[in-house]
J.: 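Have a look at this one before I ask anything.
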Amino acid sequence: GKSDFSTSMDALQGELPNCGSVVLVASWFGDDQRCCNCLIKPKVEQQGVDPRLMPWAVSGQNRANAARVPLLDGAPVYGGTPTDASIVEAIQSMQARGLKPVFYPFILMEQMAGNSLLDPYSAEIGQGILPWRGRITSSLAPGVDGGPDGTAAAVAEVATFMGDAVVADFVINGRTVDYLGSEDWGYRRFILHYAHLCLAAGGVDAFCIGSEMRGLTQIRGPGNTFPAVAALRALAADVRAILGPNCKISYAADWTEYHGYQPIGTNDKFFHLDPLWADPNIDFIGVDNYMPLADWRDGDGHADQDAGSVYDLDYLRANISGGEGFDWYYPTPEARDAQRRVPITDGDGEQWVWRYKDLKGWWSNPHHDRIAGVRQAAASDWIAGSKPFWFTEFGCAAIDKGANQPNKFLDPKSSESRLPYYSNGRQDELMQMQYIKAMNSFLRDATNNPLATELGDYMVAIDRMHEWSCDARPY
């Protein structure tokens, strides 16, 4: 019979024959939300049995000496890291099928209930259970008393997370990659390993150097510098040296991260990722897009009831460049419950600065930081309209009122598990389908998604909108 991967790809192409660009995910595991303590390692589900024809080997580790993923009630909480040879075969299979593989290294966090790790967001013992990678931050998060934000110590913590691995530490050995450097489980080892493995497979169409590391990219050094952004630029240059000029390289930013950083309780807005977006080694603006397309409530009397239904495509489309995050915001949970909407305004007439949904405004204008609300005279390095957006992820859970909060999901094992706002938790595949229809139809209209002739592409590359997700386990 066929492998799970081949069966899954057959199903994908049978159901979605026009699909051309496919994100291929491989995970290593992080063990601490404090970047200076976090090790990133490949792990296995079990150490006892190894296939004879394809033994597990990743970055110089074998099944016997690799660490195991955590267990809950005797069962692994995650699937383990795929063996290198299976990644090579998957890439080559995708290429043979006429697909464009986008390689997407992914950090899964492994903290379990009852852990004794210091929570950098509360300064108390006990980090969240199986948390989001976007919560990796400094030893104490920005805004927590006594934290290193804005100091040289924060720069040092980011450097520790990144580690010291260099391109010359890696050697391709058939269908695996060996690591010859010093003992180092930093982030650079993770990314450079997979860049070399993609090279061993014959290359990929695109490569992401990371995703959704919002807490890390927002760490500041002295003088409002952002050391993780500088580190990602260095990593992009190294990946370019490995994969060459024809591979498209970027970072997949969270939808709350791509446009800039507004420290809580301030009138500051830093376009902190602009040095990365403007870097010559970055080919596109990667966004994991889970922006809300609805503010729906049960019953009568709510603000959006004239739309008739949360499934109405005109309603959903109107909230792609409108509604929450564009026209207005909720300053408090109480305001959300009462639907007391506060308009988004700007004293300099640049409302797009504060609108995370305003892709066109962000893309088509120069960017000027705001410090204490004051527009700075010097623009950032971003050149308006210079690179397209790719949705490295987008989608909506198949759940009641999923469009209210598409980034939420149910996982009883994780402290991140949440229902979307005002959802009853029931499965709702129509909600998911209407969300995807709305996004696709809206962005296929050139009024909403202009063609940039100098790029030879649309503002949002419609052939690079990657719906999350297709499971490689078909059964």
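As a basis for the values below, the full set of heavy atoms in this structure was taken, side chains included, without hydrogen atoms, waters or symmetry mates.
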J.: Determine, step by step, whether Tyr179 and Gln61 satisfy the side-chain contact (heavy atoms from CB on, under 4.5 Å) criterion, reporting the C-alpha distance in whole Å, the side-chain angles of both residues, the deciding distance to 0.1 Å, and the verdict.
T.: CA-CA 9 Å; Tyr179 175 71; Gln61 303 286 292; over 6 Å; no
J.: Is the closest side-chain heavy-atom distance between Cys19 and Gln13 below 4.5 Å?
T.: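 A side-chain contact under 4.5 Å is absent here.
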J.: Please check if any side-chain donor atom of Asp84 sits under 3.5 Å from a side-chain acceptor atom of His193, or the reverse.
T.: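 Present: a donor and an acceptor within the cut-off.
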J.: Considering all heavy atoms of both residues, which atom of Gly395 and which atom of Tyr290 are nearest to each other, and what is their separation?
T.: O-CD2, 3.3 Å
J.: Does Arg189 reach the main-chain N or O of Ser59 with its side chain, forming a donor-acceptor pair under 3.5 Å?
T.: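 Side chain of Arg189 to backbone of Ser59: a pair is present.
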J.: Looking only at heavy atoms, what is the nearest atom pair of Asp184 and Ala165, with distance?
T.: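 Taking Asp184 first and Ala165 second, the nearest heavy atoms are OD2-N, 3.4 Å.
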J.: I'd like to know if the side chain of Arg317 and the backbone of Ser441 have a donor-acceptor N/O pair within less than 3.5 Å.
T.: no
J.: Start with the C-alpha gap between Val460 and Trp363, add the side-chain angles, then the distance that decides, and say whether side-chain contact (heavy atoms from CB on, under 4.5 Å) holds.
T.: CA-CA 10 Å; Val460 177; Trp363 181 77; over 6 Å; no
J.: Working to the nearest 0.5 Å, report the span between CG of Leu232 and OG1 of Thr217.
T.: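 It comes to 7.5 Å.
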J.: Tell me, do Trp354 and Tyr329 make a side-chain contact under 4.5 Å, heavy atoms counted?
T.: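 Not in contact.
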J.: Working to the nearest 0.5 angstrom, can you tell me the gap between Phe5 CZ and Ser93 OG?
T.: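 Going from the CZ atom of Phe5 to the OG atom of Ser93 covers 5.0 Å.
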J.: Aromatic rings Phe284 and Trp390: how do their planes relate, parallel, tilted or perpendicular, breaks at 30° and 60°?
T.: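 Ring orientation, 0 to 90° scale: parallel.
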J.: For the backbone of Pro148 and the side chain of Thr151, can you confirm whether one donor and one acceptor N or O come within less than 3.5 Å of each other?
T.: yes
J.: Gln262 and Asn267: which non-hydrogen atoms are nearest, and at how many Å?
T.: NE2-CA, 4.5 Å
J.: State, yes or no, whether a side-chain contact exists between Phe389 and Trp362 at a heavy-atom distance under 4.5 Å.
T.: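 With C-beta onward as the side chain, the pair touches.
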J.: Regarding Arg175 and Glu89, does a basic nitrogen lie under 4.0 Å from an acidic carboxylate oxygen?
T.: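 Counted as a salt bridge, because a side-chain N and a carboxylate O are separated by less than 4.0 Å.
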J.: Apply the test side-chain contact (heavy atoms from CB on, under 4.5 Å) to residues Leu216 and Met162: give CA-CA distance (whole Å), side-chain angles for both, the deciding distance (0.1 Å), then the verdict.
T.: CA-CA 11 Å; Leu216 192 75; Met162 290 291 171; 4.1 Å; yes
J.: CG of Asp164: more than 12 outside heavy atoms within 6.0 angstrom?
T.: no
J.: Classify the angle between the aromatic ring planes of Phe190 and Trp28 as parallel (below 30°), tilted (30 to 60°) or perpendicular (above 60°).
T.: tilted
J.: Please check if atom CD1 in Ile383 has more than 12 non-hydrogen atoms from other residues, nucleotides or ligands closer than 6.0 Å.
T.: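 No, the 6.0 Å shell around CD1 holds no more than 12 heavy atoms from other groups.
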J.: Once rounded to the nearest 0.5 Å, what's the spacing between atom OG of Ser417 and atom CG of Leu410?
T.: 4.5 Å
J.: Hey, can you tell me if Phe271 and His367 have their rings parallel, tilted or perpendicular (30° and 60° cut-offs)?
T.: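 Ring orientation of Phe271 relative to His367: parallel.
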J.: Donor-acceptor pair, distance only, cut-off 3.5 Å: does the side chain of Glu416 make one with the backbone of Trp132?
T.: yes
J.: Indicate the atoms forming the closest heavy-atom contact of Asp283 with Cys247, along with that distance.
T.: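 Taking every non-hydrogen atom into account, OD2-O, 3.6 Å.
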J.: Any side-chain donor-acceptor pair under 3.5 Å between Thr447 and Asp445?
T.: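 Side chains of Thr447 and Asp445: pair found under 3.5 Å.
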J.: State whether the side chain of Thr266 and the backbone N or O of Pro263 hold a donor-acceptor pair below 3.5 Å, judged by distance alone.
T.: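 Yes, Thr266 side chain to Pro263 backbone: donor-acceptor pair under 3.5 Å.
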J.: Donor-acceptor pair, distance only, cut-off 3.5 Å: does the side chain of Asp268 make one with the backbone of Ala372?
T.: yes
J.: Do side-chain atoms of Asn448 reach the backbone of Phe442 as a donor and acceptor pair under 3.5 angstrom?
T.: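 Yes, Asn448 side chain to Phe442 backbone: donor-acceptor pair under 3.5 Å.
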J.: Can you find a heavy atom in the side chain of Ile40 that is under 4.5 Å from one in the side chain of Trp185?
T.: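 Ile40 vs Trp185: side chains apart.
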J.: If you round to the nearest 0.5 Å, how far is OG of Ser380 from CG of Leu273?
T.: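 If we round to the nearest 0.5 Å, Leu273:CG and Ser380:OG are 10.5 Å apart.
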J.: Apply the test salt bridge (Lys or Arg N to Asp or Glu O under 4.0 Å) to residues Arg375 and Asp348: give CA-CA distance (whole Å), side-chain angles for both, the deciding distance (0.1 Å), then the verdict.
T.: CA-CA 8 Å; Arg375 186 181 191 269; Asp348 293 293; 5.4 Å; no
J.: Any salt bridge linking Arg464 with Asp205? Criterion: basic side-chain nitrogen under 4.0 Å from a carboxylate oxygen.
T.: yes
J.: Among side-chain atoms of Asp288 and Thr392, is any donor-acceptor pair under 3.5 angstrom?
T.: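 Note: Asp288 and Thr392 side chains meet the donor-acceptor criterion.
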J.: Identify the heavy atoms of Met465 and Leu443 that sit nearest to each other, and give their distance.
T.: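 Taking Met465 first and Leu443 second, the nearest heavy atoms are CE-CD1, 3.7 Å.
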J.: Are the side chain of Lys357 and the backbone of Met291 linked by a donor-acceptor contact shorter than 3.5 Å?
T.: no
J.: As a quick check of understanding, evaluate salt bridge (Lys or Arg N to Asp or Glu O under 4.0 Å) for Arg355 and Asp346, giving each step before the final call.
T.: CA-CA 10 Å; Arg355 293 170 164 173; Asp346 180 69; over 6 Å; no
J.: Side chains of Phe161 and Pro227: closer than 4.5 Å at any heavy-atom pair?
T.: no
J.: With a 6.0 Å cut-off (strictly less than), is the heavy-atom count around CZ of Phe29, excluding the residue itself, greater than 12?
T.: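 It does: Phe29 CZ has more than 12 such atoms within range.
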J.: Within the distance-only criterion (no hydrogens, no angle test), does the side chain of Gln111 pair as donor or acceptor with the backbone N or O of Gly128 below 3.5 angstrom?
T.: no
J.: Could you go through the side-chain contact (heavy atoms from CB on, under 4.5 Å) check for Asp32 and Gln127 one step at a time?
T.: CA-CA 8 Å; Asp32 202 309; Gln127 294 184 8; 2.7 Å; yes
J.: Can a donor-acceptor pair be found, under 3.5 Å and without considering hydrogens, that links the side chain of Asp31 to the backbone of Leu39?
T.: yes
J.: Working to the nearest 0.5 Å, report the span between CD of Gln33 and CZ of Arg135.
T.: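 The CZ atom of Arg135 is 7.5 Å from CD of Gln33, to the nearest 0.5 Å.
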J.: Mind checking whether Val22 and Met94 have side chains closer than 4.5 Å, heavy atoms only?
T.: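 Of all side-chain heavy-atom pairs linking Met94 with Val22, at least one is under 4.5 Å.
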J.: State whether a side-chain donor-acceptor pair under 3.5 Å links Glu324 with Asn319.
T.: no
J.: Drop me the distance from Arg233's CZ to Asp238's CG, to the nearest 0.5 angstrom.
T.: 13.0 Å
J.: Should the pair Phe207 and Phe103 be assigned to parallel (<30°), tilted (30 to 60°) or perpendicular (>60°) ring geometry?
T.: parallel
J.: So which heavy atom on Ser8 is nearest to which on Asp471, and how close?
T.: OG-O, 2.8 Å
J.: Kindly indicate, with the supporting measurements, whether the criterion salt bridge (Lys or Arg N to Asp or Glu O under 4.0 Å) is fulfilled by Lys269 and Glu350.
T.: CA-CA 12 Å; Lys269 177 65 177 278; Glu350 294 181 319; over 6 Å; no
J.: Side-chain donor-acceptor pair under 3.5 Å between Glu393 and Tyr104, yes or no?
T.: yes
J.: Are any non-hydrogen side-chain atoms of Asn404 and Pro292 less than 4.5 angstrom apart?
T.: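 Counting from C-beta outward, Asn404 and Pro292 never come under 4.5 Å.
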J.: Trp382 versus Ile285: any side-chain heavy-atom pair under 4.5 Å?
T.: yes
